[in-house]
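Following: one structure in structure tokens, then a few remarks.
Worth knowing before you read on, the calculation uses all heavy atoms, side chains too, and leaves out hydrogens, waters and symmetry mates. Throughout, a chain's letter reflects where its sequence line sits, starting with A, and its residues are numbered from 1. Keep in mind the model is a prediction, meaning the values are calculated, not measured.
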Amino acid sequence: MRKPRIGIFDFACCEGCQLQIVNLEEEILDLLGVVTPVEWREAMSDQAEKGESFDIALVEGSITREEDAERLREIRARAKFLIALGACATIGGVNKLKNNFGMNDVKETVYGEAADMPHLETMPTKALHEVVQVDYMVHGCPIEAAELAHVVRTLLAGKTPTLPAYPVCVECKLKENACRFEFGEICLGPITRAGCGARCPSEGSWCFGCRGLVDDPNTQAAREVMAHYGKTIDDLRGKMLLFNSK
Amino acid sequence: MSEATVQNRAPAGADAPRSIYLPEPATLVDVRPMTKQEKFFRFQMARAEGMKYMPGQFAEISLPGIGECPISISSSPTRNGDGSFEMVIRSAGAVTAALHRLSPGDRVGVRGPFGTHFPVEDEFRGKDLVFICGGIGLVPVRSAIHYVLDQRDDYRKITVLFGARSPEERLFIGELYDLKTRKDVFFQETVDVADPTWGGNVGVITTLMPQLRLEADRTVVIICGPPIMYKFVLLELRKLQVANRNIYVSLERHMKCGVGKCGHCQINGLYACQDGPVFRYADISSVREAI
Amino acid sequence: MTVRVVPRAALDAWVNDLVQRQKVYGVQLKEERFAFGPLVRAADLRLDYDVTLLPPKKYFLPQREVLSRFDRFKVEFEPVLADEPFVLLGVHPYDFEAIRQLDAIFSRNHPDAHYLTRRRNATIVVSDVETPSQDVFAACMGTATADCMDGWDVLLTRIADATYAVEARTEKGTALVGQIQGTKGAGEADLEQRRAVWDRNRDVLKKHQLRMNPEDLPDLLARSYDHPVWEEKAALCYSCGSCNLVCPTCYCFDVADELHWDLQTGERTRHWDGCMLEKFAEVAGGHNFRGGKAARYRHRYYRKGKWIHDLTGDIACVGCGRCISACTAKIANPVEVFNRLMEATS
Amino acid sequence: MSRTVEFDVHHVTRVEGHGNIKVRVKNGTVDEVRWLVPEAPRFFEAMVRGRSWEDIQTVVSRICGICSVTHSLASIKAVEAALGVEISRQTDRLRILAHYGEQVESHVLHVGYLVAPDLLGQKSVVPLVTSHPEVVQTVIALHKLGNHMMEVLAGRKTHPIRLKPGGFAKLPTEAELRDLKARLQAAVPQLEALAEVILSLAGELPDFRRETEYIALVNPPHYPFYHGQIGSTDTDERVPVAEFERVVNEYVSPQSTAKWTRWHRDAYGVGALARFNLNAEHLAPLATKVAASFGLEKGCTNPYLNNVAQLVEVVHVVERSMGIVDELLEAGIRPEKPHVEPRAGVGVGCVEAPRGILFHKYEFDERGRCLAANICIPTNQNHANIQKDFEALLPEILDEEEDAIRLKMEMLVRAYDPCISCSTHYLDVEFV
Ligand SMILES: Cc1cc2nc3c(=O)[nH]c(=O)nc-3n(C[C@H](O)[C@H](O)[C@H](O)COP(=O)(O)OP(=O)(O)OC[C@H]3O[C@@H](n4cnc5c(N)ncnc54)[C@H](O)[C@@H]3O)c2cc1C
Ligand code: SF4
Ligand code: SF4
Ligand code: SF4
């Protein structure tokens with residue numbers, strides 16, 4: 001049987017999600033046993049022929065320039081499945097913090113006088129699905145290597161994987177963590193989509209929402225809960241902006 | 001090994017129960033497309049005695065690596081002398097889509113049969129029977145229809161009402177035609193939305209009901225269809241003065257284990273997999289989540 | 001067996017010996033809270049804990065458990081049953097009552113071999129509560145003490161600073177207690193002290209006051225289906241399932257298949273699920289039989305106070321108070337809800 | 001010889017982020033040679049404005065997936081400096097261990113996955129899986145060690161969770177540290193094996209030298225990654241990190257448009273080779289031996305040998321890590337919780353990233369909200385130096401085949417291990 005061909009691509013991001021593929025360690029050999037990588041700039045000099053198609057495109061990063069949007073559309077056209085990898089790709093992630101400011105403002109803040117140069121043009125950050133159709137999302141900042149492995153295996157077995165619909169608290173309870181709220185911290189777990197195994201609460205930190213919000217976050221509850229713990233809705237908003245800016 | 005270790009080891013072997021979650025092997029012997037979404041399947045168990053079941057029961061079908069899902073048995077035990085059984089499966093998600101990709105000779109895992117069945121040998125006997133089926137709701141009821149037709153003399157008048165969303169979603173077209181042409185069955189069907197090929201009734205299934213001439217005290221009504229259908233059919237039946245104890249419904253719920261453990265299929269205090277899927281309506285008319 | 005008295009030091013010596021020979025799970029500190037975990041030495045055992053984050057049910061119905069291993073192409077399943085003996089040290093009476101209730105659920109009708117195998121492999125040492133937790137109300141539910149419960153193997157009660165009363169009820173328990181060196185028979189004074197502990201616990205494990213007998217709950221609920229409290233409270237519900245997941249009597253689960261890298265072999269696993277989660281009752285095609293928050297919220301209380309009772313005769317809330325603490329929205333207090341229903345209907 | 005060479009390496013592969021090389025040689029003379037960076041700018045310094053002091057690490061860790069611990073630590077040090085937070089020795093030691101983990105992971109990734117294929121004449125690590133399985137296994141084992149250190153200390157391989165201003169959100173257990181010690185010990189023979197393989201291939205590294213200024217942290221008698229002052233090979237002056245802006249002198253080059261840095265010359269280099277050139281005498285024993293086996297000596301000016309210096313550093317940090325673990329175990333892990341009171345202030349944090357010296361600077365208002373930020377990353381500091389290297393290298397190799405020229409130039413870029421996605425502020429240029 002022909003091994004499915006896989007391409008790995010990046011846009012504006014820290015490339016930490018690609019790194020998680022390397023972080024599969026020995027399992028990367030297993031991965032190579034079931035797919036043929038045809039393009040992976042960060043790790044390979046070989047590049048797929050222009051226009052060559054592949055079965056799975058793993059794409060990380062956000063879209064912040066029209067030229068990137070164009071490249072993404074081209075990748076989409078060549079890929080049977082397009083999987084968005086990581087918060088930058090699935091929800092915009094930290095890159096969307098920028099959208100809270102004017103584009104000229106961010107340019108001037110960073111580049112000062114040089115801000116006018118044409119190559120610095122930037123547009124409000126977009127997640128991949130805001131530009132092309134995305135078949136599946138592997139959330140997280142960074143993604144969980146095990147989840148990516150699961151998604152790839154599931155797809156190869158002919159099944160569309162499903163995203164957890166429930167919030168991080170579920171996995172946090174399963175991990176038997178003490179709740180961060182009890183320590184006076186604001187945790188985004190109750191409104192954030194699970195799948196990470198409650199990484200951050202399990203490591204003693206609040207959840208900062210890198211997997212995006214659940215479909216139906218209870219905002220009324222959020223308000224009252226903040227009051228109950230002596231916080232304000234602005235404190236919560238501040239946390240939500242980190243990964244879930246518009 | 002210490003004394004305590006020996007002592008509290010679970011008794012092995014004989015009295016250790018078999019896992020209720022372990023599928024048994026079965027082979028797909030026949031598969032045919034029925035509509036765009038549904039396919040017909042016939043399976044044969046590997047075990048010698050085949051599948052022993054009653055109309056209305058279901059089985060859990062497994063494709064390892066994909067998952068497991070509950071599917072009604074659509075054939076009648078009166079016709080499975082070889083121990084095989086039939087199903088009609090709609091491609092609705094992961095497992096069902098993968099089942100659609102199978103070809104004859106492929107293997108699946110099967111657990112079951114599970115659940116209650118239509119009382120074809122008890123309450124149905126000597127009664128007028130009215131089967132009211134919407135869409136894929138025909139599938140479990142077909143088992144009972146075949147059963148009563150095969151023991152035709154044990155029952156009185158038999159009526160079948162069938163409604164599909166559109167002509168191309170009609171199941172078992174050949175069998176529907178047989179029912180229509182049989183002298184000993186009153187058959188009516190309708191579609192919600194017609195197309196140019198359709199010359200029959202148009203309208204939801206309840207539009208067929210006013211034509212029913214029932215003798216309420218000797219009639220048993222069987223209902224199966226999409227969740228929305230029950231309420232309206234039941235309203236019509238009330239007008240026809242059919243008592244709740246003479247109405248049977250087959251209900252669908254999310255279901256994982258099939259054996260009353262996983263909790264998904266609970267209808268208030270009832271388990272659809274154990275107390276159902278076939279319920280006497282009188283038993284659930286006050287169960288708020290049922291209909 | 002009669003009651004014996006054992007100094008803490010002797011108890012520790014026995015535990016240190018036991019962990020060398022057997023799998024032992026005991027209560028230990030976890031991030032300023034307590035949790036059952038594999039015990040490696042007596043010094044880590046905290047019999048003075050208030051409540052564990054998760055109940056000990058995780059040793060019988062683990063968060064994630066392999067049910068079978070399969071071969072995708074051969075379509076073969078091989079059952080996996082965890083057949084390792086273990087000792088569970090320091091189960092509070094209310095948690096033991098919950099285990100007893102689960103025993104009933106998992107042995108009725110189609111008995112569940114996975115649960116029962118783990119269960120039969122366990123020797124359970126119940127220990128009376130030394131420190132009441134902030135939300136416990138076991139005393140209201142009749143589960144504050146184990147003196148009138150059946151089925152535990154050993155009962156441990158701290159009757160003085162460093163002295164415990166120990167009693168075995170089963171053969172397994174007797175064998176276990178027989179290994180403790182330096183015990184002596186309990187005198188009347190010791191037994192008196194033990195009764196005092198029970199009396200105290202029946203008094204203090206009542207951080208919330210249920211204003212009815214638990215036995216009245218099924219009837220109360222039977223008339224409360226349309227009570228406004230369901231909508232009211234559920235308005236603040238995150239549908240996070242925390243109240244389900246920490247509950248010692250909740251047992252709903254989901255089943256999933258996981259493939260290995262050979263894309264041929266894999267495992268069928270079961271995982272805890274919760275009726276408070278949005279998709280719990282949703283079927284393929286999107287119809288959700290309990291789509292509203294209030295319907296889910298109500299279902300949980302009915303399961304605790306009525307549905308399980310209809311099935312087995314048990315009131316499925318043992319008063320551990322975990323759901324009260326675990327609910328971020330602070331709306332999961334059964335006592336508060338049941339008392340509200342009382343007010344309205346009496 | 002008169003020849004014409006023209007090529008564009010569009011997106012150099014096996015580096016982090018996007019960089020292009022543009023070469024135009026007409027009739028034997030270099031018309032144009034440029035190192036270009038088309039990576040999409042991400043504007044971190046603008047984005048952190050308004051964020052709370054406690055969220056800065058979470059955001060800036062995302063500057064770079066490969067040096068996320070480094071960015072986290074630099075930002076945390078800056079926040080602590082601004083808010084006047086004291087930390088315990090335990091916190092200090094644990095942070096250094098986490099940071100060492102990242103040096104191991106990053107250097108092994110670079111040398112093993114990205115550079116080794118060049119030396120073995122391959123286009124990626126993939127064919128090495130079958131041609132050199134034992135090398136790949138060793139690389140994986142060492143890579144895992146680095147990752148494991150970050151997991152145990154920082155809570156995750158990429159984007160640390162436990163590192164917070166004031167201390168740790170969660171502490172490693174003593175059992176975990178004992179286990180770590182064993183793993184570190186087990187890594188020593190693997191390191192020796194890897195060093196041997198690389199040594200046998202070192203002949204493939206081009207012999208090219210160019211005098212330049214090297215800048216790194218110095219802190220005698222240590223080989224510092226975490227504490228110290230800014231040192232240079234051009235001067236004996238040592239600059240406190242708070243005054244880093246005096247060193248980096250960011251400027252816009254008329255020849256290129258990238259924001260470049262310079263101190264005593266028109267370019268300087270940072271990274272493993274810079275650290276080695278400034279601190280070699282403070283290397284741990286085995287690392288000293290490995291350096292000697294390659295003939296790597298202080299004063300080295302061959303940028304390709306940065307890869308060798310990275311290898312030497314991996315050995316060094318593994319050796320030093322064992323000592324730190326011992327020290328921590330001896331003292332026992334004390335439960336501590338970070339405590340920070342917000343106040344107004346400005347602070348600078350500086351650490352050595354695997355790729356070179358890194359500076360973070362933040363200003364906060366009295367509620368601890370960030371007012372302004374300045375982040376100066378090592379890759380930016382190296383750009384001018386890469387450009388200068390290109391200008392010197394190209395004439396030397398002009399008579400070689402175009403493919404060889406291209407490969408050598410790509411290898412030069414890879415030698416710097418540029419982490420282009422870090423680019424907090426990039427001026428990229430129009431490219432063909
Ligand atoms: C008693 C009973 C009889 C049924 N008979 C038939 C039949 O004869 N023909 C037919 O086509 N379908 C039947 N169904 C519905 C069928 O079970 C679902 O379509 C199927 O479970 C969808 O699974 P999936 O993996 O393909 O879809 P997915 O959406 O991928 O399902 C995800 C999971 O949700 C659960 N689930 C989703 N929908 C349902 C559902 N409706 N009922 C129970 N669990 C669900 C399954 O456990 C499944 O593993 C019946 C359901 C029940 C309860
Ligand atoms: S720590 Fe966060 S994720 Fe965990 S239970 Fe509390 S709110 Fe939910
Ligand atoms: S309902 Fe709450 S108090 Fe009652 S047993 Fe469950 S978790 Fe404990
Ligand atoms: S714990 Fe509270 S918020 Fe979460 S599902 Fe239960 S009642 Fe709702």
### Task
Start with the C-alpha distance between B:His254 and C:Phe280, add both sets of side-chain angles, then the distance that settles side chain to side chain contact (heavy atoms under 4.5 Å, CB included), and finish with yes or no.
CA-CA 8 Å; B:His254 189 146; C:Phe280 186 77; over 6 Å; no
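Contact annotation for B:Ile66: only backbone heavy atoms (N, CA, C, O) come within less than 4.5 Å of a heavy atom of chain C. The parts of C:His110 that come within reach of chain B are both its backbone and its side chain, each placing non-hydrogen atoms under 4.5 angstrom from that chain. Contacts of C:Lys23 with chain B are absent, with no heavy-atom separation under 4.5 Å from either backbone or side chain. In this structure, the portions of C:Arg72 lying under 4.5 Å from any heavy atom of chain B include both its backbone and its side chain. Only the backbone of B:Leu63 comes within contact range of chain C, judged by heavy atoms closer than 4.5 Å. Neither the backbone nor the side chain of B:Glu24 comes within less than 4.5 Å of any heavy atom in chain C. If you measure heavy-atom distances from C:Asp17 to chain B, you find no contacts under 4.5 Å at all. Looking at C:Leu263, there are no atoms closer than 4.5 Å to chain B (heavy atoms on both sides), in backbone or side chain. Contacts between C:Asp310 and chain B at a heavy-atom distance below 4.5 Å are absent for every atom of the residue. Interface remark: C:Glu267 contributes no atoms to any contact with chain B (heavy atom separation under 4.5 Å). Using a 4.5 Å cut-off between heavy atoms, C:Asp153 makes no contact with chain B at all.
Looking at heavy atoms from C-beta onward, B:Gln266 lies in side-chain contact with C:Arg290 at the 4.5 angstrom threshold. A 4.5 Å side-chain heavy-atom check between B:Cys257 and C:Arg270 finds every atom pair outside the cut-off. The side-chain heavy atoms of B:Ser19 and C:His114, taken from C-beta on, include a pair separated by under 4.5 Å.
Ring geometry, B:Tyr21 versus C:Phe253: the interplanar angle exceeds 60°, so the pair is classed perpendicular (tilted spans 30 to 60°).
Inspection of non-hydrogen atoms places C:His299, C:Arg303 of residues 297-305 of chain C under 4.5 Å from chain B. Inspection of non-hydrogen atoms places B:Arg288, B:Glu289 of residues 278-291 of chain B under 4.5 Å from chain C.
Considering only heavy-atom pairs separated by less than 4.5 Å from chain B, the leading option among C:Leu311, C:Asp112, C:Leu259 is C:Asp112. Note: C:Asp254 leads C:Ile105, C:Ile308, C:Asp254, C:Asn288 in heavy-atom pairs under 4.5 Å with chain B. Among the candidates B:Ser62, B:Gly65, B:Cys265, the residue making the largest number of heavy-atom pairs closer than 4.5 Å to chain C is B:Gly65. With chain C as the partner, the residue from B:Ile267, B:Asn268, B:Ile20, B:Leu22 showing the most heavy-atom pairs under 4.5 Å is B:Asn268. Heavy-atom pairs under 4.5 Å with chain C were tallied for B:Ala92, B:Gly67, B:Pro226, B:Ala94; the largest tally goes to B:Gly67. Between chain B and the residues C:Tyr115, C:Tyr225, C:Phe73, the most heavy-atom pairs under 4.5 angstrom are made by C:Tyr225. Listed options B:Pro227, B:Pro25, B:Gly109, B:Gly93 were ranked by heavy-atom pairs under 4.5 angstrom with chain C; first place goes to B:Pro227. Of the listed residues (C:Arg268, C:Glu76, C:Glu282, C:Lys74), the greatest number of heavy-atom pairs within a distance under 4.5 Å of chain B belongs to C:Arg268.
Cation-pi geometry between B:Arg253 and C:Phe289 is met: the NZ or CZ atom falls under 6.0 Å from the ring centre, inside 45° of the normal.
Other residues, nucleotides and ligands place no more than 12 heavy atoms under 6.0 Å from the CZ atom of B:Arg245.
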